[in-house]
Amino acid sequence: SQQGEEDPQALSIQEGENATMNCSYKTSINNLQWYRQNSGRGLVHLILIRSNEREKHSGRLRVTLDTSKKSSSLLITASRAADTASYFCASADWGNKLTFGGGTRVLVKP
Amino acid sequence: DGGITQSPKYLFRKEGQNVTLSCEQNLNHDAMYWYRQDPGQGLRLIYYSQIVNDFQKGDIAEGYSVSREKKESFPLTVTSAQKNPTAFYLCASSTRDGTNIQYFGAGTRLSVL
């Protein structure tokens, strides 16, 4: 199956600014998840939004979901240098599989 | 410590050689997964298993094999049939609670000599 798409592929911001990244997916979903990957490491789950939800918050993270457009966005507010990482969306189907997007590389400059 | 352990961290394969990547979890999760990640790319599913003694092919299973003899263990063999094995391999596990939130190991980087 094809991966979803993420936009932008890379993002460079100053500390304290907000970072926004977008994700599109292709099929009907149970939920959509966002993960973070530090360079050369495994992925860490950040936040999950269910298909019947439109917006969710967790700390400095805000996720939106538009199922009519098959798209989601992740906003990181008041970014910190430690937020430098790659961020991946993953759409969960009604079985037990995730389909990952290509990722957005975020660089937060101090 | 609860988590997923992948070993080795780095692995080198010679031409024509099969190599096996280890993945062990002590989270008591039923489902386990293997992904391949190429530089600057997302993750692609190789194989997954939802229960002991059962597994299914993912999107890029050719040239790989797995076994699931124990709940805790899901080793991946990269066979000589996989002509481009150089990549970062990630193992993950999840409960069967309907969310499919996955927990990842630290990965194995495989290179060809």
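Letters A, B, ... mirror the listed sequences (proteins, then strands); counts begin at 1.
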(Q) Determine whether A:L98 and B:L43 satisfy the following criterion, side-chain contact (heavy atoms from CB on, under 4.5 Å), listing intermediate values before the conclusion. (A) CA-CA 10 Å; A:L98 292 181; B:L43 279 64; over 6 Å; no
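Residue A:Q37 touches chain B through its side chain alone, counting heavy-atom pairs closer than 4.5 Å. With a 4.5 Å cut-off on non-hydrogen atoms, B:I101 touches chain A through its backbone and its side chain both. With a 4.5 angstrom heavy-atom cutoff, B:S94 touches chain A only via side-chain atoms. The contact between A:L48 and chain B is made entirely by side chain atoms (from C-beta outward), counting heavy-atom distances below 4.5 Å.
Residue-environment remark: CD (B:E69) stays at or below the threshold of 12 foreign heavy atoms within 6.0 Å. Atom CD of B:E15 sits in a sparse spot, with 12 or fewer heavy atoms from other residues, nucleotides or ligands closer than 6.0 Å. By the 6.0 Å contact criterion, CZ on A:R50 is open, its count of non-hydrogen atoms from other residues, nucleotides or ligands being 12 or less. No more than 12 heavy atoms of other residues, nucleotides or ligands shown are found within 6.0 angstrom of CZ on A:R80.
From B:Q41, atom CD reaches atom CD of A:Q9 across 8.0 Å, with rounding to the nearest 0.5 Å. Between the CG atom of B:N100 and the CH2 atom of A:W94 there is a distance of 12.5 Å, given to the nearest 0.5 Å. We find the CD-CZ distance between B:Q37 and A:F88 to be 5.0 Å, quoted to the nearest 0.5 Å. The distance from the OH atom of B:Y33 to the NZ atom of A:K97 is 10.0 Å, given to the nearest 0.5 Å.
Residues B:L76 and B:F104 do not share a hydrophobic cluster, defined by chaining ILVMFWY side chains whose heavy atoms lie under 4.5 Å apart.
Nearest heavy atoms, A:L43 versus B:L90: CD1-CD1, 3.8 Å.
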